[in-house]
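Worksheet: the structure to be examined is printed underneath.
Counting starts at 1 for both ligands and their atoms, in listed order. Side chains included, hydrogens not; waters and symmetry mates left out as well; all remaining heavy atoms used.
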Amino acid sequence: MRKDQFILPEGVTYLDGNSLGPLPKAAEARVAEMMRSEWGEMLITGWNKAGWMAQPAALGDRIGRLIGAPEGSVVLGDTLSVKVYQALASALELVPERKVVLSDTGNFPTDLYMAEGLIRSLGQGHALKTVAPDEVAEAIDETVAVLLITEVDYRTGRKHDMAALTARAHEVGAVVVWDLAHSAGAFEVDVTAVSAEFAVGCTYKYLNGGPGAPAFIYVRPDLADRVHPALSGWLGHDAPFAFEPSYRAGQGISRMRVGTPPVIQMAALEAALDIWDGVDMAELRARSIALTERFIAGVEALCPGVTLASPRDPESRGSQVSFRFEEGYAVMQALIARGVIGDFRAPDIMRFGFAPLYNDEADVDRAVEIMADILETRAWDRPEFKTKAAVT
Ligand SMILES: *Cc1c(COP(=O)(O)O)cnc(C)c1O
């Protein structure tokens, strides 16, 4: 749909935008320009003159459009791990009489780790309870304070029914925190329609903001002036430049800001978000389903021995497809060596992300063809493909 707007190296079929989106051409120029004419020329006056201080809210609004959030309800900053902590801390305060944080065993580990750390710091007897992904609905009962859940499973691509789980949580008086890491930019999301209290996500996966791009947090507008930020940093203060001795939370979503925003990274993200202007999310989703269906059909026809780890029903899948294969790590290294870039998640999962902004049928067919050849010739069975790197 927008392939010409990205830098994709010659000979590379990039199927890992679910982990790190590729470089938008305009981001390179935008960052260079920002460095030279803003940082270089304006120096500290850039905070006002170039609008650096307003970026976290301005870009938040642009992400809001992709997740169904109204203006002034999303702000950027920090990493997703930090945003999970903030959202969960504020969510728990809304239901002080309950002590259970419910999540699922498929959740991305950092979400669970952050919950563990927060619970320990609070010291109020909270407990993190995890159940299998398909048992979440049943486990939502009157003991649950907060449902902390990631919509799309990073390993399998399984997609939760956000509307149904949120409705179930609200029925029993629980608050929800949705992690949209693998949703924002992957398909339509509507936090308003489901009335989610909190949502968080990152901008370096399907949104293509670049490695280390800041995360986002959404707080439902009717709650934004009520929540108490656990990370009460100066830029979330009502009057940061009054330098008052104690904290007073800022207006609305601005209180979820913590410290100095990553301005260079925001310049890259701004250019990346320009690509989304005018993208029809329903059309994007239809394209994504067409690509993942084609990939599954191709692999199942030509690659004996690999098994589908993702849901077969496209409605229950995000924008990635995962296959299990015992030597999946080595196969993935062999694929990468031949220019097909996906990734691997222990113990045996090969992941392939499909982003219709820059992936098309030719990418799917090339990936299938090369994988079939690697399996048939056992090209993966070499020592150099079996040595694990630090980042898989
Ligand atoms: C990618 C991802 C993260 C990453 O968190 P960072 O703090 O940005 O490193 C967290 N949670 C989920 C569900 C993810 O998919």
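Rounding to the nearest 0.5 Å places CZ of Arg366 at 11.5 Å from CG of Asp360. Rounding to the nearest 0.5 Å places CZ of Arg285 at 9.5 Å from CD of Glu188.
When only modelled atom types and interatomic distance are considered, Thr150 and Trp178 share no side-chain donor-acceptor pair under 3.5 Å.
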Sub-3.5 Å pairs, protein N or O with ligand 1 N or O:
from, atom 1, to, atom 2, distance (Å)
ligand 1, 7 (O), Thr79, OG1, 3.1
ligand 1, 7 (O), Leu80, N, 3.3
ligand 1, 7 (O), Ser81, N, 2.8
ligand 1, 7 (O), Ser81, OG, 2.6
ligand 1, 8 (O), Leu80, N, 3.4
ligand 1, 8 (O), Tyr204, OH, 2.7
ligand 1, 11 (N), Asp111, OD1, 2.7
ligand 1, 11 (N), Asp179, OD2, 3.4
ligand 1, 15 (O), His182, NE2, 2.9
ligand 1, 15 (O), Lys205, NZ, 2.6

*Run the ring pair (Phe, Tyr, Trp, His ring centres under 6.0 Å) check on Phe295 and Phe354 step by step: do they pass?*
CA-CA 10 Å; Phe295 185 64; Phe354 294 87; 5.0 Å; yes
*Given Asp16 and Leu20, is the side chain to side chain contact (heavy atoms under 4.5 Å, CB included) satisfied, shown in steps?*
CA-CA 6 Å; Asp16 214 356; Leu20 176 70; over 6 Å; no
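For the pair Arg255 and Asp238, the salt-bridge criterion is not met [side-chain N within less than 4.0 Å of a carboxylate O].
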